[in-house]
Amino acid sequence: MKAILVTGRTLGQGLGLEMGKFSDIYYRNVATCEMNRVDMERLGVKEGELIRVSSGLGSAVLRVVKSFEEVPSGIIFVPYGPWINRIMRPETHGTGMPSFKGIEVEVEVEASRLSEIPKIDELLSRG
Amino acid sequence: METFTGVTCPFCGCLCDDIEVTVEKGNIVKVKNGCAYSLTKYLNCNRDRITTPLIRENDKQVVVELPAAIERAAKILSDAEYPVLYGWSSTSAEAIGLGIELAEEVGGAIDNTTSVCHGPTTEALQELGLPGCTLGQVKNRADLIIYWGSNPLQSHLRHMSRYTIGAEGRWRKSRDDRTLVVVDVRRTYTARVADYFIQVEPNRDYELITALRMALRHEEIEQERVAGVPVEDIEELADLMMSCEFGALFYGLGLTMSSGKNRNIDAAISLVRDLNRWTKFVMIPMRGHFNVNGANIVFLWHTGYPFAIDFSHGYPIYAPGATSAVDILSRGESDAALIISSDPAANFPRRAVENLFKNPLIVIDPHRTVTSMRADVVIPSAFVGIECEGTAYRMDGVPIKMRGIAEPPKGVLPDEEILKGILTEIRRLKRGG
């Protein structure tokens, strides 16, 4: 499924920063993806299951969570953080600012049942 | 046990200055008035803390004395051809000033976290100026509040209660005295409490602002919808903006990070300028880190530029896109880095992070961070506004003196002291002493 990715601040992500980047609260709140109900049905994915979000630069495995902030169909929302930054383009269009919002991505159900979302230290050591 | 009142919170750009903090034997035990972020920051400031300087030896970080860490940091910076000095938004204005001195001394590039939050705001206001005011003026006078691409109920938890719809101002006493408009791509928590919610399509803010400017001039918009918004709604919003007595536009990363970036802010400034033909209208960016505005302001005093400054020619060059941290790192141009009170390894795109890790890396931070895990030198620091004093600038540009109320871990110094130590050592190395 094609989607537009928007990343942003959430309360859980912000609190996670203060509890530490290696804390469980940060991991639980940031390695997630909010989706519209219609899109979840179309993709055949339920809350708590894993999806793979891909851009031209690679892919990130994230857990689908219930959205309290009503993401419109066709848009997915992921909190700012290292998991989603793995697939962000570094181009800044002469501004210094990469595009962290409004990115075209491909979303699919994570095929491997053994797949797990890597913890932060593992994520960066994978290269 | 001692209770401090009127303490300023070092979390976000609101710098709420009414916090009550109780300290027992140097540790914070109770916090009143703060939001969830504030409470979490104060009560967990000793969690995941770095308490001793570390140096990487044979691929392992080992504990060293502070002078050894400072010496190694100074050596790395003076040996480098083009180091990047990045972070600066969660420290004091005084430390930021020393950062500029350090960048000039080593001929490096210095950038603050503005470049990945309100950099586009800063670029636009360098060109056009920003029609702003203090938050106190908004609290007392504003009858129309707009949050555009900003979700304060997740990001700036007390902004609405202290300054906008929940605030009791001198002339605006209650919620009924103010109208709230939210423009966002999602129906956020903030959107749910708004009187008007305008749902804009991603990356189409520029078009919506342009259509609003046309509607103000009663020009015909030859479309049924612009950026996903029906033209009748755009015209209604334009009327609302023109007919208010004092309008305040607060905007967030929804505008700065989306397509158009600084040009979105150009357009927003032009909109607010247009509105001032009919009424009083102001705009204030919703700044994130508590002193990110201070980083811009101090950079400006010293160099004339607010972020992304390159000293490699001996004088300051400002060219966002060339001299900004993400660009320098993703092109692999730098050969060392000093990161202070920031965690780019968690926040930058992958290619920039990979290049950051390829070269010698110094981290100054109170916490263990993703960046510090891979650093060659780690120097622990005290929390500004909790364990040491310093000046910070609120999102509206008001400077506030932050106090030190608790004790840092033994032997841990403020950023200012650490930076002075590194500067002194670099100058000694340069003299060949």
Side-chain angles (χ1 to χ4, degrees), chain A residues 3-23 25-26 30 34 36 57-58 60 67-72 74-75 77 79-104 120-121 123-125 127, chain B residues 11 36-37 40-41 44-45 47-48 111 115-117 119-120 123 151 153-155 157 185-189 191 199 202-203 252-254 256-259 261-262 288 307-308 320-327 329-330 343 345-354 357 367-370 373-374:
Chain A
I4 298 291
L5 164 68
V6 174
T7 65
R9 159 61 56 92
T10 66
L11 185 62
Q13 178 252 347
L15 294 177
L17 295 178
E18 294 307 324
M19 298 298 279
K21 294 274 169 54
F22 304 92
S23 66
I25 173 174
Y26 187 70
V30 178
E34 296 182 19
N36 185 287
L57 279 188
S67 163
F68 291 100
E69 296 196 298
E70 291 175 42
V71 189
I75 296 180
F77 179 86
Y80 297 134
W83 286 274
I84 198 63
N85 281 350
R86 306 290 283 171
I87 70 165
M88 291 299 189
R89 294 195 164 281
E91 288 85 19
T92 73
H93 310 105
T95 65
M97 164 78 88
S99 301
F100 287 117
K101 295 181 192 278
I103 318 292
E104 285 179 20
I120 204 160
D121 28 6
L123 183 80
L124 290 160
S125 62
Chain B
F11 184 82
Y37 287 133
T40 310
K41 175 149 193 170
N44 293 285
C45 67
R47 185 188 286 261
D48 226 355
D111 196 6
S115 74
V116 292
C117 62
E123 283 159 59
N151 187 9
L153 289 181
Q154 296 262 10
S155 60
L157 306 184
V185 297
R186 299 179 296 145
R187 187 181 286 275
T188 58
Y189 287 137
Q199 191 155 12
N203 295 326
L253 305 189
T256 64
M257 282 182 173
S258 300
S259 190
K261 296 176 183 170
N262 51 327
F307 71 107
T323 59
S324 28
V326 168
D327 298 277
L329 287 170
S330 44
D343 194 8
N347 301 316
F348 279 7
R350 180 180 187 162
R351 200 192 302 158
V353 177
E354 284 168 355
F357 287 159
H367 278 308
R368 192 163 66 108
T369 65
V370 185
M373 295 291 285
R374 299 283 288 270

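Proteins get letters first, then strands, A, B, ... in listed order; numbering begins at 1 in each.
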What part of [X] lies closer than 4.5 angstrom to a heavy atom of chain A: side chain, backbone, both or neither?
{"X": "B:A352", "result": "neither"}
{"X": "B:C45", "result": "neither"}
{"X": "B:A36", "result": "both"}
{"X": "B:K261", "result": "side chain"}
{"X": "B:F307", "result": "side chain"}
{"X": "B:L329", "result": "neither"}
{"X": "B:R47", "result": "side chain"}
{"X": "B:T323", "result": "neither"}
{"X": "B:R368", "result": "both"}
{"X": "B:T188", "result": "both"}
{"X": "B:N44", "result": "both"}

Quiz prompt | Partners passing side chain to side chain contact (heavy atoms under 4.5 Å, CB included) against A:P72 (at least two apart in sequence or in another chain) | solution =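 With sequence neighbours excluded, A:P72 shows a side chain to side chain contact (heavy atoms under 4.5 Å, CB included) to A:I75, B:R186, B:Q199, given in chain and number order.
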Quiz prompt | side chain to side chain contact (heavy atoms under 4.5 Å, CB included) involving A:A3 - partner list, sequence neighbours excluded | solution =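 If we apply the side chain to side chain contact (heavy atoms under 4.5 Å, CB included) test to A:A3, skipping adjacent residues, the hits are A:M1, A:I76, A:V105, A:V107.
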Practice problem: For A:T92 and B:D327, run side-chain hydrogen bond (donor to acceptor under 3.5 Å, both in side chains): C-alpha distance rounded to whole Å, both residues' side-chain angles, the deciding distance at 0.1 Å, then the answer. | Solution: CA-CA 7 Å; A:T92 73; B:D327 298 277; 2.7 Å; yes
Quiz item: Is the charged tip of A:R9 near the ring of A:F100: under 6.0 Å from the six-membered ring centre and within 45° of its axis?
Solution: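 No, A:R9 does not lie over the aromatic ring of A:F100.
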Looking only at side-chain N and O atoms, does [Y] offer a donor or acceptor that is under 3.5 Å from a partner on [X]?
{"X": "A:Q13", "Y": "B:Q154", "result": "no"}
{"X": "B:N151", "Y": "A:E69", "result": "yes"}
{"X": "B:N262", "Y": "A:T95", "result": "no"}

Quiz item: chain B heavy atoms under 4.5 Å from A:F68: which part of the residue, side chain, backbone, both or neither?
Solution: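 Contact with chain B is through both the backbone and side chain of A:F68.
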Practice problem: Give, as side chain, backbone, both or neither, the part of A:Y80 having an atom under 4.5 angstrom from any heavy atom of chain B. | Solution: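 Only the side chain of A:Y80 comes within 4.5 Å of chain B.
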Which of [options] touches chain A most, by non-hydrogen pairs under 4.5 Å:
{"options": "B:G119, B:A346, B:S259, B:A308", "answer": "B:A346"}
{"options": "B:A345, B:S155, B:G321, B:A322", "answer": "B:G321"}
{"options": "B:R351, B:E123, B:R187", "answer": "B:R187"}

Quiz prompt | A:K101 side chain vs A:T7 backbone, donor-acceptor pair below 3.5 Å | solution =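 Flag set: sc A:K101 to bb A:T7 pair under 3.5 Å.
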Quiz item: Would you find a donor on one side and an acceptor on the other, under 3.5 Å apart, between the side chain of A:N85 and the backbone of B:N347?
Solution: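 Yes, A:N85 side chain to B:N347 backbone: donor-acceptor pair under 3.5 Å.
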Quiz item: Between A:G102, A:G8, A:P90, A:G74, which shows the greatest number of heavy-atom pairs under 4.5 Å with chain B?
Solution: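 Looking at each of A:G102, A:G8, A:P90, A:G74 in turn, A:P90 comes out on top.
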Quiz prompt | Rounded distance (nearest 0.5 Å) linking atom OG1 of B:T369 with atom CZ of A:F22 | solution =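 B:T369 atom OG1 to A:F22 atom CZ measures 6.5 Å (nearest 0.5 Å).
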Self-check item: Point-to-point distance, once rounded to the nearest 0.5 Å, from CG of A:N36 to CZ of A:F77
Solution: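 Here the interatomic distance stands at 14.5 Å.
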